[in-house]
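Read the structure below first, then the notes.
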Amino acid sequence: MLDLKFIVANADAVIAGAAKKHITCDVPAILALDTERRELVTALDALRAEQKQAGKLIAKADPSERPALAAAQADAKAKLKSMEARSKDIDAELKALLLLVPNIPADAVPEGATDEDNVEIKRWGDLPKFDFAPRSHSELGEAHGWIDIVRGARISGSRNYVLIGDMSLLEHAIMRFAFDSMVARGFTPLSVPTLVRSETMVGTGYFPGGEDQAYRCDDRDDLCLVGTAEVPVTALHQDEILDFEDLPKKFVAQSTCYRREAGTYGKDTKGLYRVHQFQKVEQVVIDVADEERSLAHHEAILGNSEALLQSLELPYRVVNVCGGDLGQPQIQKFDIETWMPSREGFGETHSASRFHDFQSRRLSLRYRGEDGKVRHCHTLNNTVAASTRMLIAIVENHQNADGTVGIPDALQPYMGGRTVMGKPLT
RNA sequence: GGAGAGGUGGCGGAGUGGCCGAACGCGCUGGUUUCGAAAACCAGUAGGCCUUUACGGGUCUCGAGGGUUCAAAUCCCUCCCUCUCCGCCA
């Protein structure tokens, strides 16, 4: 959410920002409502002041005079009531409109409509050259009995899976390696709820707009399953005023992630690429409202994930996500795409976002600055490792001609010291 | 799921209709004192909104939302949350 005062003062920039993101929002309606709101609040406050004074006079007056004085307040009372009702309506309308205004993308965000317009800014690693026909992770998974899609679907419907044996171990190995490496970098490990109130989904910017992508419990509980630990972690200090000495706060959390993937029928149906549930280690940074510091954090959290991919010996590229492919809340986003031989291309594995105070304003996440002033924090986050897409990349990139898979050095300690998984396929 | 208790400022904790945005204590900040520190003493110390060049003024908020009243932290209703006991349970 943007600051209403900021929108009023910078309406053109807000409109231009929304256009760059290809998102529609009604700024003129917001301006009109705000004008009405100001006039109303001024009048309302004056009336309330009168009312309070009158009340105090009644308290001091002789009891015999009270009924008459009280009766004289009837008009003011009625007027107050209708003004308050109107005021509440305006606030509600304004809030609803405000929640739909997107954050303004940074100048460095490229113009564009879809992910095809994202701009590659970096490439690392040599693409694997196979002197045999490489197998997809689905083929390897099936041949080794590592992945069971059929039973996954039988239990839980399409886009569900069961990992078996070494594949399950490898999943745990990746998650633990990712988690440990972030703790080693000074991030505070967190175990958080994956079931959150819809209010928290609004606070982090997923609602309104993303309802179709989230699983929601039934009406008995107003709870949603999160699509990422970003949600509970960013919301950890909501409604608080933090001390600037305690910032930045850097968190790492592993969680199960649930995604409905509505509207993706027929897309990426094979294998583990697009699934309803996976594990993910996520990094979140909360800091003071300083653009330079936010930028530095953004580079740092991007670097953290790059380091992970490098130690897993996986080729990847970094793209600067274009305006049209940016979500409503982000100032800027860098995606890391890791090479996946079966796709004969790079597949998105990481997403590093910078929000400035967009989320913290919704969450009422603030800090007291050195000057004593209270401001909204800046927030950022990035994937460290998402289980299924990492599994795809590792298994496909490190496969051998005989169908075995080399375990990257970094993961070997987490795999009982083994260097290879799977028996040679005939 | 059943029964009960409770949600007040950074924390503890008063306050059961008007003088309460809120006693008192702790904490924190500034000052006095001191060679320095501690202690003591004095002062200050929530946030949102409107208004004002500024100083300031006004208003709202005592878990959330409604209601009663001239007037609500205080009375009534609904919801949320926490705690205790019982039941169930990984």
Side-chain angles (χ1 to χ4, degrees), chain A residues 1-9 30-99 191-203 207 216-224 232 235-247 249 256 286 288-289 357 360-377:
Chain A
M1 189 160 67
L2 294 175
D3 182 12
L4 176 57
K5 285 179 190 156
F6 175 87
I7 296 174
V8 171
I30 290 171
L31 298 182
L33 273 173
D34 182 57
T35 303
E36 191 183 349
R37 178 188 136 269
R38 279 168 204 260
E39 286 168 5
L40 191 61
V41 165
T42 303
L44 191 55
D45 280 359
L47 191 60
R48 277 205 270 239
E50 276 176 46
Q51 169 87 342
K52 276 176 91 163
Q53 283 310 313
K56 278 179 185 160
L57 285 177
I58 292 172
K60 283 181 200 153
D62 188 272
S64 66
E65 295 171 32
R66 285 185 187 174
L69 289 168
Q73 288 302 309
D75 274 357
K77 198 185 173 185
K79 202 172 168 192
L80 208 53
K81 216 165 186 178
S82 75
M83 283 169 85
E84 276 171 350
R86 178 61 191 146
S87 172
K88 232 165 244 180
D89 286 349
I90 290 176
D91 286 348
E93 280 179 61
L94 210 44
K95 175 109 193 268
L97 288 171
L98 242 27
L99 284 175
S191 300
V192 291
T194 50
L195 217 40
V196 303
R197 301 165 178 274
S198 39
E199 186 187 291
T200 309
M201 296 295 278
V202 173
F207 291 176
R216 178 192 286 278
C217 294
D218 64 38
D219 294 336
R220 289 175 301 175
D221 309 288
D222 176 31
L223 293 171
C224 302
L236 182 68
H237 291 293
Q238 70 182 114
D239 295 320
E240 291 183 37
I241 299 176
L242 304 170
D243 290 331
F244 74 91
E245 293 101 336
D246 295 335
L247 297 172
K249 285 195 177 282
T256 306
I286 298 171
V288 298
D357 57 8
S360 50
R361 179 163 280 110
R362 288 170 172 240
L363 289 166
S364 193
L365 165 57
R366 297 175 293 175
Y367 71 99
R368 195 178 303 279
E370 246 168 314
D371 57 0
K373 282 211 173 99
V374 173
R375 294 189 187 81
H376 290 93
C377 297

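Below, read A as the first sequence line, B as the second, and so on, with proteins coming before strands; counting in each chain starts at 1.
The side chain of A/Q51 sits closest to B/A71 out of B/G47, B/A71, B/G58. The side chain of A/R366 lies closest to B/G48, out of B/U69, B/G48, B/C50. Relative to the side chain of A/K81, the nucleotides B/G47, B/C70, B/U68 differ in distance, and B/U68 lies closest. The listed nucleotides are B/C50, B/G47, B/U59; the one nearest the side chain of A/K52 is B/U59. Among the nucleotides B/C70, B/C49, B/U51, the one closest to the side chain of A/K5 is B/C49.
For the salt bridge (Lys or Arg N to Asp or Glu O under 4.0 Å) test with A/E84, the passing option among A/K77, A/K79, A/R48 is A/R48; the others fail.
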I'd like a table of atom pairs between the protein and nucleotides 17-19 of chain B - only N or O on both sides, under 3.5 Å - with the distance next to each one.
{"from": "B/G18", "atom 1": "N2", "to": "A/G55", "atom 2": "O", "distance (Å)": "3.0"}

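For B/A22, there is no paired nucleotide, since no Watson-Crick or G-U wobble pair has both relevant distances below 3.5 Å. With a cut-off of 3.5 Å on both pairing distances, B/A73 has no Watson-Crick or G-U wobble partner at all. In this entry B/G44 has B/C28 as its Watson-Crick or G-U wobble partner, both defining distances falling under 3.5 Å. Using Watson-Crick or G-U wobble geometry with both donor-acceptor distances under 3.5 Å, B/C89 finds no partner in any strand shown. For B/U16, there is no paired nucleotide, since no Watson-Crick or G-U wobble pair has both relevant distances below 3.5 Å. A 3.5 Å limit on both hydrogen-bonding distances identifies B/G4 as the Watson-Crick or G-U partner of B/C83. In this structure B/U33 sits in no base pair that meets the Watson-Crick or G-U test at under 3.5 Å. Under the Watson-Crick or G-U wobble criterion, with both distances below 3.5 Å, B/A39 has no partner in any strand shown.
Side chain of A/R362 to backbone of A/V202: a donor-acceptor contact under 3.5 angstrom is found. Of the possible polar contacts, none joining the A/T200 side chain to the A/V196 backbone as a donor-acceptor pair under 3.5 Å is found. Judged by distance alone, with hydrogens and angles left aside, the side-chain atoms of A/R368 form no donor-acceptor pair with the main-chain N or O of A/D243 at under 3.5 Å.
Between A/M83 atom CE and B/G58 atom C1' the separation is 14 Å, expressed in whole Å. The nearest whole Å value for the distance from the CG atom in A/L47 to the P atom in B/U51 is 17 Å. When rounded to the nearest whole Å, the span between CZ of A/R48 and P of B/U51 equals 15 Å. Rounding to whole angstrom units, CD of residue A/Q238 and C1' of B/A64 are separated by 14 Å. Put simply, OH on A/Y367 is 16 Å from C1' on B/G47, counting in whole angstrom units. In this structure, A/R361 atom CZ and B/G48 atom P are separated by 11 Å, rounded to whole Å. One atom, CD1 of A/I90, and another, P of B/C50, lie 13 Å apart when rounded to the nearest Å. Atom-to-atom, CG of A/D45 to P of B/U52 comes out at 13 Å; the value is rounded to the nearest Å.
Distance noted for atom P between B/A37 and B/G31: 11 Å (whole Å). Across B/G58 and B/G66, the matching C1' atoms stand 26 Å from one another, rounded to whole Å. A distance of about 45 Å separates the P atoms of B/C41 and B/U52, rounded to the whole Å. B/G65 and B/A73: their P atoms are spaced 13 Å apart (whole Å). The same atom, P, is picked in B/C42 and in B/U33; the two are 16 Å apart, to the nearest Å. Nucleotides B/C79 and B/G1, compared at atom P, are 13 Å apart to the nearest Å. With P as the reference atom, B/C35 and B/A46 are 35 Å apart, rounded to whole Å. Using C1' as the reference atom, B/A14 and B/C24 are 7 Å apart when rounded to the nearest Å.
By the 4.5 Å heavy-atom criterion applied to side chains, A/D91 and A/K95 are not counted as neighbours. Contact annotation: the side chain of A/Y367 never approaches that of A/S360 to less than 4.5 Å [non-hydrogen atoms, C-beta and beyond]. At least one side-chain heavy atom of A/E36 sits less than 4.5 Å from a side-chain heavy atom of A/R86. Residues A/L98 and A/L2 form no side-chain contact, since every pair of their non-hydrogen atoms from C-beta on lies 4.5 Å or further apart. Taking the side chain as every heavy atom from C-beta outward, A/R37 and A/L4 approach each other to under 4.5 Å. At least one side-chain heavy atom of A/L80 sits under 4.5 Å from a side-chain heavy atom of A/Q51.
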A correct 5'-to-3' footprint of nucleotides 76-83 of chain B, with B, S and - meaning base, sugar-phosphate only and no protein heavy atom under 4.0 Å, is ----SS--
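Every residue two or more places apart in sequence or in another chain that forms a salt bridge (Lys or Arg N to Asp or Glu O under 4.0 Å) with A/D222 is listed here: A/R216.
For the atom pair CG of A/L242 and CD1 of A/I286, the computed distance is 7.0 Å after rounding to the nearest 0.5 Å.
Projected onto RNA chain B by closest heavy-atom contact, A/T42 and A/A74 fall at different nucleotides, the more 5' of which corresponds to A/T42. Nearer to the 5' terminus of RNA chain B, by closest-nucleotide assignment, is the contact made by A/A46 (compared with the other of A/Q73 and A/A46).
Counting non-hydrogen atoms under 4.0 angstrom, A/K88 reaches the backbone sugars and phosphates but no base.
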